[in-house]
Number of protein chains: 2
Amino acid sequence: MNLGPIRSQSLAAQVATTIRNVAAAAGVSVATASRALSGSPAVIESTRRRVVQAAIALDYTPSRLARSLVTGSTGNVGVILPDITNPFYTSFLAGLETALGAQDIGVLIGDSGENPERENRLVRRMSTQVDGLVLASSRLSDEQIVAATSRRPVVLANRMLETRTELPKRLGQVVIDVHPGFTAAAAHLHSLGHRQITYVDGPAQSWSGRQKRIALTLACTRLGLPLRILSTMRADFSAGRTAGRQIAAEAQHDGTTAVMAFNDQVALGVLAGLREGGKRVPDDLSLVGCDDSLEDGLAWPALTTVGSSARALGELAAHKILNPLGHESGRIPTALIVRESTERARSGQGAPVG
Amino acid sequence: MNLGPIRSQSLAAQVATTIRNVAAAAGVSVATASRALSGSPAVIESTRRRVVQAAIALDYTPSRLARSLVTGSTGNVGVILPDITNPFYTSFLAGLETALGAQDIGVLIGDSGENPERENRLVRRMSTQVDGLVLASSRLSDEQIVAATSRRPVVLANRMLETRTELPKRLGQVVIDVHPGFTAAAAHLHSLGHRQITYVDGPAQSWSGRQKRIALTLACTRLGLPLRILSTMRADFSAGRTAGRQIAAEAQHDGTTAVMAFNDQVALGVLAGLREGGKRVPDDLSLVGCDDSLEDGLAWPALTTVGSSARALGELAAHKILNPLGHESGRIPTALIVRESTERARSGQGAPVG
DNA sequence: ATGAAAGCGCTAACAC
DNA sequence: GTGTTAGCGCTTTCAT
């Protein structure tokens with residue numbers, strides 16, 4: 001029996017099969033088809049089977065757009081990162097994507113390039129097609145973030161609002177607690193006999209950068225350890241390298257015997273810069289990174305680092321965005337991972353090379 | 001004058017402002033509001049201004065969902081990668097995202113984990129909310145890819161269909177042409193006096209892996225250079241490290257003096273493994289990576305590598321998906337980048353260490 | 001247990 | 001130049 005014109009499956013621009021087709025093929029109404037496919041208990045087993053079979057036969061895939069439009073929930077979340085290329089965010093994203101994917105939530109991604117305007121454009125652009133927004137190391141102002149909150153639930157990762165601002169509902173915050181790791185790192189270096197540390201900092205505007213600076217300063221002060229801070233514009237390899245060269249050149253004057261870095265990329269750069277400046281790690285200077293984003297053994301000597309799990313941060317952000325319950329900010333702890341790049345301070349400066 | 005109930009902006013779950021509100025506020029019909037906002041020439045300047053002002057005043061953001069539903073175009077593309085964490089794909093993604101973002105196209109991302117089933121699920125899941133799909137190093141079968149093509153235009157990156165299959169319309173292919181780079185690498189090693197090369201391969205199933213193997217085999221054959229191939233399961237640091245240890249242990253028996261690696265991650269692993277096996281690069285063995293995904297100086301010694309631009313591949317994929325015109329497959333060339341990890345072969349084997 | 005109908009927010013004919 | 005109407009594909013009352 002021929003129920004109306006069969007959709008001629010020509011080779012041209014396919015018209016996707018809709019729930020209407022499925023309903024027709026199964027001989028039920030659209031409503032019933034919808035119920036059957038979404039597993040409503042209000043549909044009898046025999047009809048359900050027919051509907052499902054029709055759906056399979058027609059290779060039916062429900063339109064998420066239409067569904068979202070009516071339900072008001074999209075099944076997607078948006079993530080905005082400052083730099084997709086940075087291993088820290090890459091791991092963060094992997095953790096997030098895995099956790100969300102397991103719940104069949106899609107991920108829309110945007111790279112802000114550390115540019116607040118671009119970040120804001122991305123927020124607006126995404127806001128109508130996601131259920132929530134995850135902003136990693138956001139460079140937006142507190143006000144802008146609060147504003148974003150009125151569109152969609154927001155989870156801030158690696159950043160917290162100044163608490164003078166009233167915390168809006170629908171705002172979650174997940175951060176890495178750098179204190180334990182940095183405190184341990186300072187203590188570790190101190191116990192190895194180091195008496196002058198140079199810290200190669202990241203960009204000044206970053207919230208997490210400020211946290212690290214504070215934690216380290218505090219720890220060093222308590223130990224009576226003098227700390228010298230070197231600023232860089234971008235927290236990447238080449239900035240570290242430049243700093244490394246500088247440190248190599250100045251070490252004999254300022255007495256620096258240990259270097260800490262904003263992150264592992266910078267540390268790797270410092271390593272290269274020191275080497276180019278004729279200094280060896282850990283013989284001449286000790287070196288500590290941050291993030292534990294490098295596979296063990298990737299650096300040589302293996303890098304002592306303040307370990308945290310960007311991946312865990314991503315997973316935590318995923319959970320926060322899925323249930324915007326409490327206001328307590330999630331924290332991922334840090335701990336010092338001692339490997340080969342730190343060693344007992346040599347009394348004198350080794351004979352300068354090259 | 002009060003036109004109906006003003007939406008009470010309570011603190012509770014905001015109801016987003018719709019084009020209806022804007023139209024009402026501007027005192028025009030919804031259609032006119034739509035036209036005004038989308039820049040239709042058929043609306044007089046004065047009304048346009050009123051509409052736009054109302055939109056701004058109400059902080060109106062058009063619903064992409066609704067728009068997509070009616071226009072049939074979503075303004076999003078989906079990207080599926082085997083591993084978000086891998087720098088190659090990370091650069092690829094960055095190139096893609098930049099190129100698409102410039103056209104105000106959003107990016108939906110999925111990590112297949114090199115799992116064909118998961119990849120297929122992602123394809124289905126995304127298909128109703130994107131205008132096109134970019135599959136990087138897809139592990140799907142030719143048939144599955146062709147099937148995906150019937151849902152949305154597809155661009156294959158770093159993979160080509162076996163040409164026995166009829167090429168579907170709406171399928172683009174962009175690849176990295178490894179031949180020039182690998183040929184140059186083999187010639188380079190040969191000219192340095194190396195007479196036995198070991199190649200540390202990646203996963204056997206990968207299309208791009210096959211290309212590299214073919215290119216290298218061909219080049220070596222032409223040079224009369226014997227080639228030994230070591231297979232690995234995953235193309236990552238630790239696989240390389242294992243291979244490196246093995247090579248260090250066997251080098252004296254098989255006469256290997258130069259190692260080539262599937263990619264830079266593997267090469268870095270090989271470097272570590274060789275070091276652990278008491279071999280030094282480039283003194284004892286030369287080493288060549290692939291991709292140029294490491295910042296220069298990140299590895300030490302700096303890695304000679306077959307350079308290609310994953311970023312450029314991403315940009316090319318973006319262009320392909322935006323205009324699914326021709327069938328010619330886009331190619332990104334490769335070239336050998338000589339740095340410090342390759343050197344003239346030593347006549348004898350250096351005294352084995354450790 | 002199933003169907004008919006309304007409507008999510010928007011654009012695109014088709015009037016006027 | 002602007003308004004009216006239909007409808008994208010789906011879910012969800014409300015009847016039956």
**Message:** Give the residues of residues 64-76 of chain A touching DNA chain D, defined as any heavy atom closer than 4.0 Å, sorted by residue number.
**Reply:** A66(A), R67(A), V70(A), T71(A)

**Asked** Taking DNA chain D as the partner, which of residues 44-53 of chain A come within under 4.0 angstrom of it by heavy atom?
**Response**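 Residues of residues 44-53 of chain A that come under 4.0 Å of DNA chain D do not exist, since none gets that close.
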
**Item:** Passing option when L93(A) is tested against I84(B), D111(B), T85(B), T90(B) for side chain to side chain contact (heavy atoms under 4.5 Å, CB included)
**Value:** I84(B)

**Request:** Look at atom CZ of R124(A) and say whether more than 12 heavy atoms of other residues, nucleotides or ligands are closer to it than 6.0 Å.
**Result:**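 Result for CZ/R124(A): enclosed.
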
**Request:** Please indicate whether Q205(B) has more than 12 foreign heavy atoms, meaning atoms of other residues, nucleotides or ligands, lying under 6.0 Å from its CD.
**Result:** yes

Can you figure out which of [options] approaches the side chain of [X] most closely?
X: S63(B); options: dG9(C), dG3(C), dT12(D); value: dG9(C)
X: A31(A); options: dC10(D), dT2(C), dG3(C); value: dG3(C)
X: S29(B); options: dT11(C), dG3(D), dC14(D); value: dG3(D)

**Prompt:** Can you tell if the side chain of Q129(A) reaches within under 4.5 Å of the side chain of T74(B), non-hydrogen atoms only?
**Reply:**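 Of all side-chain heavy-atom pairs linking T74(B) with Q129(A), none is under 4.5 Å.
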
**Asked** Considering only heavy atoms from C-beta outward, does the side chain of D131(B) approach that of I105(B) to under 4.5 Å?
**Response** no

Between [N] ([atom2]) and [X] ([atom1]): distance, integer Å:
X: I19(A); N: dG7(C); atom1: CD1; atom2: P; answer: 20 Å
X: R35(A); N: dT13(D); atom1: CZ; atom2: P; answer: 11 Å
X: Y60(A); N: dG9(D); atom1: OH; atom2: P; answer: 10 Å
X: R20(A); N: dG3(C); atom1: CZ; atom2: P; answer: 14 Å

**Asked** With distance as the sole test, does R159(B) use its side chain to make a donor-acceptor pair with the main-chain N or O of W207(B) at under 3.5 Å?
**Response** no

**Prompt:** What's the shortest heavy-atom distance between S137(A) and N158(A), and which atoms?
**Reply:** OG-ND2, 3.2 Å

**Message:** Looking at dC10(D), I'd like to know if its phosphate oxygens (OP1 or OP2) sit under 4.0 Å from a side-chain N or O belonging to S34(A).
**Reply:** no

**Message:** If you apply the rule side chain to side chain contact (heavy atoms under 4.5 Å, CB included), what do you find for R311(A) with T98(A), and how did you get there?
**Reply:** CA-CA 10 Å; R311(A) 192 171 190 108; T98(A) 304; 3.4 Å; yes

**Asked** Does the pair V43(B) and T32(B) meet the rule for a side chain to side chain contact (heavy atoms under 4.5 Å, CB included), with working shown?
**Response** CA-CA 7 Å; V43(B) 59; T32(B) 304; 4.2 Å; yes

